[in-house]
2 protein chains.
Amino acid sequence: MSMNPAPDPIFARLDRAGLVQHVVRLITDAILQGRLKPGDRLTESGIARELGLSRAPVREAARLLENRGLVVSQPNRGFFVREVTVEAIDSLYELRICIECAAVERLVAGDPAPALIGLRARIDEMRDLAEADDPLSQIEADMAFHRLICLHSGNERFVTAFDQIADETQLSLMLIGRLYDDPMRMAETHEPVFDAIAARDAQAARAALEYHIGTARRVVTDIFRKLKEDGSA
Amino acid sequence: MSMNPAPDPIFARLDRAGLVQHVVRLITDAILQGRLKPGDRLTESGIARELGLSRAPVREAARLLENRGLVVSQPNRGFFVREVTVEAIDSLYELRICIECAAVERLVAGDPAPALIGLRARIDEMRDLAEADDPLSQIEADMAFHRLICLHSGNERFVTAFDQIADETQLSLMLIGRLYDDPMRMAETHEPVFDAIAARDAQAARAALEYHIGTARRVVTDIFRKLKEDGSA
DNA sequence: GTCAAGAAGATTGTCGACAATCGACAGAAC
DNA sequence: GTTCTGTCGATTGTCGACAATCTTCTTGAC
């Protein structure tokens, strides 16, 4: 009963289970970069042909993307890139507030120290990317910041819940391009949240995060409403 | 451009997309009825042979069950019925509190009237099932009650979030058999929640629901801890 | 007796093919 | 001109088979 658990992992275990995951990544990128637009159809055979593999892994990847909310499926009709509506975004942000606020409260109740390093790094990253004028990467840093809060909450289920809505959130952000006219704004709006966490004030942290996400919610929905009006006009 | 929207639907739309869904149902029942125990392996070929169909739909059903949390998959090793730990249950209930409390608050903020009928019916159902001594069906009525709150919250995403943790919650309840010694207790513990909703008091409703789920959380984890101790002793 | 190496069996990952279903178009009936 | 019906092409749903991988059992050395 020796049970050698890890006999010296010298080489990183290369993703031999990676085909499906790879397809997921490819489709995700295509959607988030706008090469696939909301409402577009994803034909299994077409994607399979382009990638030079069979329909099975493509199909499985599509199912995974469905559960992550990036695509929707209709029986006997296939997969489509999810249509984004103002109402959906609003609902999404309401759920985000509910989950992330609970997470940050729990984070501060525990030991926030390990999280602070990563959180600080993300904010600095947003500043750098603002100077580099790279709004897309900035959005990714934003998502990473919020994910870190869930990750260090001590309740791993907050992370899975966050992940299940993260992609759709990111999609809505990518669609509108940029949130604020001043690229530095994004980093600034995260500072109060960071400060409250660093001060180990659970109530203040919750309030700051709720305000932060709530503001983003208003800004995003407003911009999106305008976009829709122009689009359908 | 006449666009007749619904020219008298005489026939109910029959589920033509049923095979995978049917398999999902079968496996779900097997797990929730205890015929498949946590840790058990789900072999695609075995299930496919038993059901008299190919592996494809079985595989797809397993993937769906994975995202609903009832099974977990390991690359190149297949699917297993999810192991339930005390920590997982505790995390689960914490997330439930966070989601359902937000849902009930929003429900009361809107018009709670349409929800009340269904909620009342579920509580009555729990009483009937207590007399009939049917704890399994009672658990289903319990889940239905909580799902109704999310359903009538006005934010459909609360429902999807709830559904993604509902099966696992139900599994933990099924595993411990019955929550309270007195079967009537389950119905009783829902009354304060119902009353607060009926009174249209959002804060009271949130508090009542938080107390209700919080109590269940303590009871379930306690029972489960005892079960584990006996099991491993 | 313990442990490592190898063979055999079982199971998943992937593939190409067929059947069922859907959407669009053309033609007939009114 | 409008509406219904039948056909056609395209796509999904399902299947059986093969290759890659994991598990288990056996074998052999120490």
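In what follows, chains are A, B, ... by sequence order, proteins preceding strands, each numbered from 1. All figures in this text were calculated on a predicted structure; none of them were measured in a lab.
Of the candidate nucleotides C:dT14, C:dG23, D:dC15, D:dC15 has the atom nearest to the side chain of B:L53. Nearest nucleotide to the side chain of A:T43, out of D:dT23, C:dT11, D:dT12: D:dT12. For B:E44, whose side chain is taken as the heavy atoms from C-beta onward, the closest listed nucleotide among C:dT12, D:dT12, D:dC15 is C:dT12. Residue A:S45 places its side chain closer to D:dT12 than to any other of D:dT12, C:dG23, C:dC15. Considering only the side chain of B:N76, C:dG13 comes nearest among C:dG13, C:dC15, D:dT11.
B:Q21 has its CD atom 11 Å from the P atom of D:dT14, to the nearest Å. The CZ-C1' distance, from A:F80 to D:dT11, rounds to 10 Å in whole Å. Rounded to whole angstrom, the span from the CD atom of B:Q74 across to the P atom of D:dC22 amounts to 11 Å. One interatomic measurement links the two molecules: CZ of B:R49 to P of D:dG16, which rounds to 12 Å at whole-angstrom precision. Distance CZ (A:R77) to P (C:dT21): 16 Å, rounded to an integer number of Å. Here D:dT12 presents its C1' atom at 14 Å from CD of A:E66, a figure rounded to the nearest Å. Regarding A:R59, its CZ atom lies at a distance of 10 Å from the C1' atom of D:dT11, rounded to whole Å. Distance, B:L51 CG to D:dC15 P: 10 Å, rounded to whole Å.
No hydrogens or angles were tested; on distance alone, a donor-acceptor pair under 3.5 Å links the side chain of B:R55 to the base of C:dG13.
In this structure, B:H212 and B:H146 have parallel ring planes: the angle between them is below the 30° cut-off, well short of the 60° mark.
B:P38 is listed as a side-chain neighbour of B:L175, based on a closest heavy-atom distance under 4.5 Å. By the 4.5 Å heavy-atom criterion applied to side chains, B:D134 and B:Q138 are not counted as neighbours. Contact check for B:R59 versus A:E60: side-chain heavy atoms found under the 4.5 Å cut-off.
In summary, A:E125 and A:R122 engage in a salt bridge, as defined by a charged side-chain N under 4.0 Å from a carboxylate O.
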